[in-house]
Protein chains: 2
Amino acid sequence: MAQINTTQYALLGMLSFQPMSGYDIKKIIDHSISFFWSENYGHIYPVLKKMEEQELVTKQTVHTEGNPSKNLYSITDKGKALFTRWLNAPVQKKIIRLEILLKLFFGFMTDIDNMIGKVTEERKSAQAILDELAEIENHIKSNQQEALKDKPPYPLLCLNYGKFFYRAVTQWCDETIDILRKEKAKEE
Amino acid sequence: MAQINTTQYALLGMLSFQPMSGYDIKKIIDHSISFFWSENYGHIYPVLKKMEEQELVTKQTVHTEGNPSKNLYSITDKGKALFTRWLNAPVQKKIIRLEILLKLFFGFMTDIDNMIGKVTEERKSAQAILDELAEIENHIKSNQQEALKDKPPYPLLCLNYGKFFYRAVTQWCDETIDILRKEKAKEE
DNA sequence: GCGCCCATGTAACTAGTTACATGATTCA
DNA sequence: TGAATCATGTAACTAGTTACATGGGCGC
């Protein structure tokens with residue numbers, strides 16, 4: 001089975017909220033789903049172009065005062081149909097590569113302090129993301145879109161995943177650092 | 001900053017246990033770190049070849065009775081040095097893309113039942129991995145390598161991450177399914 | 001004048017996946 | 001006889017990253 005272009009679906013999804021430019025989409029992604037999704041311009045622009053060719057989106061160049069002109073993309077019916085098909089298809093199962101665990105697995109090749117440091121860093125990152133999630137939560141709650149009022153709070157459910165996940169990570173870090181410290185004491 | 005070839009380091013790490021063929025490495029990965037790392041032959045073989053050219057590993061063709069001949073790769077001092085440098089370098093921070101959350105985020109575009117189904121599937125997968133982790137745990141504990149006896153139990157620490165993570169996922173799934181069911185009831 | 005934000009894009013590259021091809025042996 | 005395991009590899013491809021290039025407006 002072929003690999004699917006998830007970026008394409010992320011873009012179509014964003015455009016199903018409202019017409020936007022590539023730049024807008026990136027900004028929104030960075031401020032709403034950044035803790036589980038990222039895109040970069042070098043991928044966004046070519047994919048938008050490709051989707052335009054396939055008539056999944058249409059482009060409209062808009063000029064506004066004081067700003068450079070921007071390309072507003074709108075999702076077409078064909079795009080909506082494709083997006084809905086993807087939404088209904090099963091989630092692709094793929095292994096999430098965790099570099100921290102790869103390093104830890106080979107920890108025997110280095111000294112314990114290095115590994116304690118790595119896990120400590122990981123804990124810091126997890127805490128930082130947890131803090132960021134709180135900010136995103138405020139952003140979502142204040143930007144509640146009228147049209148979605150009667151729908152389930154999907155963005156908050158996603159956010160909740162982040163909370164569960166990164167809380168678990170901090171707990172694991174604490175436990176792991178503890179074990180490694182004891183191992184270090186044994187060594188001496 | 002350039003992207004680093006993590007596959008290369010996964011292979012070097014495996015070869016730092018003992019000399020192995022590409023086939024062996026794949027098998028070991030699938031039986032020990034598969035819940036957070038995967039590799040496929042189409043990537044392993046070319047990377048081994050490239051590393052041989054760079055003198056990070058050496059190849060030795062071995063013939064055994066009843067089996068096809070295999071290419072045993074050994075890590076060189078240069079390879080060890082590079083691997084150690086990587087082990088000491090900070091873990092690359094990159095966003096883990098979670099397709100389940102991408103779909104859930106755009107849940108408003110489809111019906112609640114679809115989303116309940118997706119989360120239910122996710123819960124099943126998480127539980128399956130949790131079961132798999134128990135098996136891997138047995139495998140690790142029975143295959144304890146003598147040489148690593150006095151080292152911290154790194155493989156078990158990795159496994160523990162999996163337990164924390166997937167336990168958190170199942171909890172999130174339960175909570176999420178509950179919320180969605182209530183939203184559905186409200187709808188009717 | 002400098003740096004930041006707005007805004008779009010391409011080129012070169014690396015990483016990773018899938019499908020295909022080959023061929024021996026073992027076990028039911 | 002057919003499936004599974006052992007074993008290696010390539011070709012074609014898709015996805016994604018990084019660096020580079022451009023240029024206007026705004027605020028300090």
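Protein chains get the first letters and strands the later ones, always in sequence-line order, with residue 1 at the start of each. The figures here come from the full heavy-atom set of this structure, side chains too, leaving out hydrogens, waters and symmetry mates. These numbers come from a predicted model, not from an experiment.
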Participant: With a 6.0 Å cut-off on ring centres, are A:F108 and B:F17 close enough?
Facilitator: yes

Participant: Among the nucleotides D:dT8, C:dT17, D:dA15, which one has an atom lying closest to any side-chain atom of B:Y41?
Facilitator: D:dT8

Participant: Could you check B:K94 against B:G42 and say which one's nearest nucleotide on DNA chain D is further toward the 5' end?
Facilitator: B:G42

Participant: Rounded to whole angstroms, how far apart are CD on B:Q54 and C1' on C:dT14?
Facilitator: 13 Å

Participant: Taking the nucleotide of DNA chain D with the closest heavy atom to each, which residue, B:Y73 or B:R97, is nearer the 5' end?
Facilitator: B:Y73

Participant: Looking only at heavy atoms, which two atoms of B:P90 and A:K103 are closest? And how far apart?
Facilitator: O-NZ, 3.5 Å

Participant: Can you tell me if B:S69 touches the phosphate of D:dT8, counting only side-chain N or O atoms and a distance under 4.0 Å to OP1 or OP2?
Facilitator: no

Participant: Please tell me which of the listed nucleotides, C:dT17, D:dA7, C:dC6, lies nearest to the side chain of B:N40?
Facilitator: C:dT17

Participant: Measuring from the side chain of B:K49 (C-beta onward, heavy atoms only), which nucleotide among D:dA15, C:dT8, D:dT10 has the closest atom?
Facilitator: D:dT10

Participant: Rounded to whole angstroms, how far apart are NE2 on B:H43 and P on D:dA15?
Facilitator: 16 Å

Participant: Rounded to whole angstrom units, what separation is found between the CD atom of A:E39 and the C1' atom of D:dG16?
Facilitator: 9 Å

Participant: Kindly give the heavy-atom pair with the smallest separation between B:P152 and A:I112, and that separation in Å.
Facilitator: CG-CD1, 3.6 Å

Participant: If we count only N and O atoms by modelled type, under 3.5 Å, do the side chains of A:E39 and A:T7 hold a donor and an acceptor together?
Facilitator: yes

Participant: Report the nucleotide, chosen from D:dA7, D:dG16, C:dG16, that has the shortest atom-to-atom distance to any side-chain atom of B:D24.
Facilitator: D:dA7

Participant: Could you tell me whether A:F165 and A:F36 have their ring centroids closer than 6.0 angstrom?
Facilitator: no

Participant: Using heavy atoms to find the nearest nucleotide of DNA chain C for B:W37 and A:P46 separately, return the residue whose nucleotide is more 5′.
Facilitator: A:P46

Participant: Between C:dG16, D:dG9, D:dG16, which one does the side chain of B:K59 approach most closely?
Facilitator: D:dG9

Participant: Nearest whole Å is fine: how far is D:dG16 P from A:I44 CD1?
Facilitator: 12 Å

Participant: For the side chain of A:K70, counting heavy atoms from C-beta on, which of D:dT8, C:dG16, C:dT8 is nearest?
Facilitator: C:dT8

Participant: Tell me which one of A:W86, A:W37, A:Y154, A:F83 satisfies ring pair (Phe, Tyr, Trp, His ring centres under 6.0 Å) with B:F106.
Facilitator: A:F83

Participant: Select one nucleotide: of C:dG16, D:dG16, C:dT8, the one nearest the side-chain heavy atoms of A:T6.
Facilitator: D:dG16

Participant: What is the distance from CD1 of B:I4 to C1' of C:dC13, rounded to the nearest Å?
Facilitator: 16 Å

Participant: Mind checking if A:N5 touches a base, just sugar-phosphate, or nothing, with heavy atoms under 4.0 Å?
Facilitator: sugar-phosphate

Participant: State which of D:dC6, C:dG16, C:dC5 makes the closest approach to the side chain of A:Y23.
Facilitator: C:dC5

Participant: For B:K27 and D:dA4, what is the distance between atoms NZ and P respectively, to the nearest whole Å?
Facilitator: 17 Å

Participant: Would you kindly give the CG-to-P distance between A:L72 and C:dC6, to the nearest whole Å?
Facilitator: 15 Å

Participant: Figure out the CE/C1' separation between A:M20 and C:dT8, and round it to whole Å.
Facilitator: 17 Å

Participant: Which nucleotide in the set D:dA7, C:dT8, C:dC6 lies at the smallest distance from any side-chain heavy atom of B:Y45?
Facilitator: D:dA7

